[in-house]
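If you read the sequence from its start, that first residue is 1, and numbering goes on from there.
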Amino acid sequence: MIFCLRKKTLIAAVALIVATAVACGCLFVDDFAVVYANASTREVPIYRVERNDKKIALTFDAAWGADKTKSILEILDRFGVKGTFFLVGFWVDEYPEEVKAIAESGCEIGNHSENHLEMSKLSAEVIEKELTSVNEKIERLIGKKPLYFRPPFGDYDNDVVLGARSLGMEAVQWDVDSLDWKGLSGSEIVQRVCPKVKEGSIVLFHNNSDHILEALPEVLARLINAGYEPVTLSELIYPGKTDANGELHAI
């Protein structure tokens, strides 16, 4: 038996199917799945903090090598400021004295996962293990658990953000990327970072990049001269709500 639908009825039926597919987050077009992110359910890390003052956070990811870590701490101390270091678990294992030195300097320590993997490809259970392992190692060394987690490669999904929160941490990204890991010269890093910094910025560096020791003093001098105050993430971040762009706002 052949059923014929009137034109209006057919259009209404198709519209209902499309609306249902979009509401579910997936629509198939020409055998390809097009996934739509639902803004109301998408979890986003903190990229920047909305502030009325000029506080900012300089952050340093540490996964490979530690040759320059103590010199970074000395530079920060010379300028009278503090930073936040995100540490990978195997880095903590290899450089426990550097971990202690970071904490003793007054800088903050964050979690950068155990194995520096692409977190969005992991199950919620593995994500929890990756974070818990590092927290336990850091707490054994300095007596304090990290409050913040930075996903390796900036890679995350809802499970990553919510997994961090379930352990009492917030996922934190950055709004200013120095790209120091690409081997940029000290002056190139300075020119890349300083013009982009604004109130509440979170700046990404790496503790063992080629020219970090050349760039950092000039970055600090310029930013401080412009009225900025580099602080730890705990001093920058307040209780609030992160919008779809990753900007933290006071509730």
(request) Tell me, yes or no, whether the heavy-atom count around K54 atom NZ, taken from other residues, nucleotides or ligands under 6.0 Å, exceeds 12. (result)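 Atom NZ in K54 is packed in, count exceeds 12.
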(request) Flag yes if more than 12 heavy atoms outside K129 fall under 6.0 Å of its NZ atom; otherwise flag no. (result)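 Incorrect, the count does not exceed 12.
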May I ask you to test the [X]-[Y] pair for a side-chain heavy-atom distance under 4.5 Å?
X	Y	result
L220	V81	yes
F86	H206	no
F205	T59	no
P45	F149	no

Cluster overlap [X] with [Y], hydrophobic side-chain contacts below 4.5 Å:
X	Y	result
L76	L236	no
L58	Y148	no
Y47	V49	no
V44	L131	yes

(request) Applying ring-ring contact (aromatic ring centres under 6.0 Å, His included), name anything that partners F85, two or more places apart in sequence or on another chain. (result)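 So F85 forms a ring-ring contact (aromatic ring centres under 6.0 Å, His included) with F60.
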(request) Quick one: list whatever passes ring-ring contact (aromatic ring centres under 6.0 Å, His included) with H116, sequence neighbours left out. (result) W64, H112, F153
Backbone N or O of [Y] within a donor-acceptor pair of the [X] side chain at under 3.5 Å?
X	Y	result
D155	S120	yes
E130	M119	no
K68	S209	yes
E118	P152	no
N207	G65	yes
D157	V160	yes
T84	L233	yes

(message) So, using salt bridge (Lys or Arg N to Asp or Glu O under 4.0 Å) as the criterion, who are the partners of E218 when residues are at least two apart?
(response) R222
(request) Kindly write out the residues that satisfy salt bridge (Lys or Arg N to Asp or Glu O under 4.0 Å) with K100, not counting sequence neighbours, or none if the list is empty. (result) E97
Supply the atom-to-atom distance [X] [atom1] to [Y] [atom2], rounded to the nearest 0.5 angstrom.
X	Y	atom1	atom2	value
Q173	R150	CD	CZ	7.0 Å
S201	K196	OG	NZ	11.0 Å
L167	L162	CG	CG	11.0 Å
E170	T242	CD	OG1	6.0 Å
T132	I127	OG1	CD1	11.0 Å
N245	L248	CG	CG	13.0 Å

Residues [X] and [Y] bridged, charged N to O under 4.0 Å:
X	Y	answer
E235	K82	no
R165	E43	yes
E74	K70	no

(request) List the steps, then state whether salt bridge (Lys or Arg N to Asp or Glu O under 4.0 Å) holds for E247 with R48. (result) CA-CA 5 Å; E247 183 166 309; R48 177 178 170 267; 2.6 Å; yes
(message) Which residue in the set L223, V193, D175 passes side-chain contact (heavy atoms from CB on, under 4.5 Å) when paired with V203?
(response)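 With V203 as partner, L223, V193, D175 yield a single side-chain contact (heavy atoms from CB on, under 4.5 Å), made by V193.
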(request) For I251 and G240, work out which heavy atoms get closest and say how close. (result) CG1-CA, 3.6 Å
(request) Might you point out which heavy atoms bring S113 and L117 nearest each other, and give the distance in Å? (result) OG-N, 4.2 Å
(message) Before you tell me yes or no, could you show the steps for R192 and S178 under side chain to side chain donor-acceptor pair (under 3.5 Å), namely the whole-Å CA-CA distance, both residues' side-chain angles and the distance that decides it to 0.1 Å?
(response) CA-CA 6 Å; R192 178 171 178 81; S178 70; over 6 Å; no
(message) Assess the residue pair K145 and E136 against the criterion (salt bridge (Lys or Arg N to Asp or Glu O under 4.0 Å)); give the C-alpha distance rounded to whole Å, side-chain angles, the decisive distance to 0.1 Å, and a yes or no.
(response) CA-CA 7 Å; K145 290 182 181 178; E136 291 174 349; over 6 Å; no
Donor-acceptor pair between [X] and [Y] side chains, under 3.5 angstrom:
X	Y	answer
N111	N135	yes
S187	S185	yes
D180	H211	no

(message) Assess the residue pair I72 and L213 against the criterion (side-chain contact (heavy atoms from CB on, under 4.5 Å)); give the C-alpha distance rounded to whole Å, side-chain angles, the decisive distance to 0.1 Å, and a yes or no.
(response) CA-CA 7 Å; I72 291 173; L213 299 183; 3.8 Å; yes
(request) Report the residues that fulfil side-chain contact (heavy atoms from CB on, under 4.5 Å) with V99, sequence neighbours left out, ordered by chain and then residue number. (result)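 Testing V99 for side-chain contact (heavy atoms from CB on, under 4.5 Å), a comparison that skips the adjacent residues, returns L87, W91, V92, I109, L141, I142.
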(request) Return the set of residues passing side-chain hydrogen bond (donor to acceptor under 3.5 Å, both in side chains) with Y156 (not counting sequence neighbours), or none when no residue passes. (result) R42
(message) Using the rule given for side chain to side chain donor-acceptor pair (under 3.5 Å), can you reason through T69 versus E98, listing the C-alpha separation, both sets of side-chain angles and the distance that settles it, and then say yes or no?
(response) CA-CA 7 Å; T69 303; E98 279 75 6; over 6 Å; no
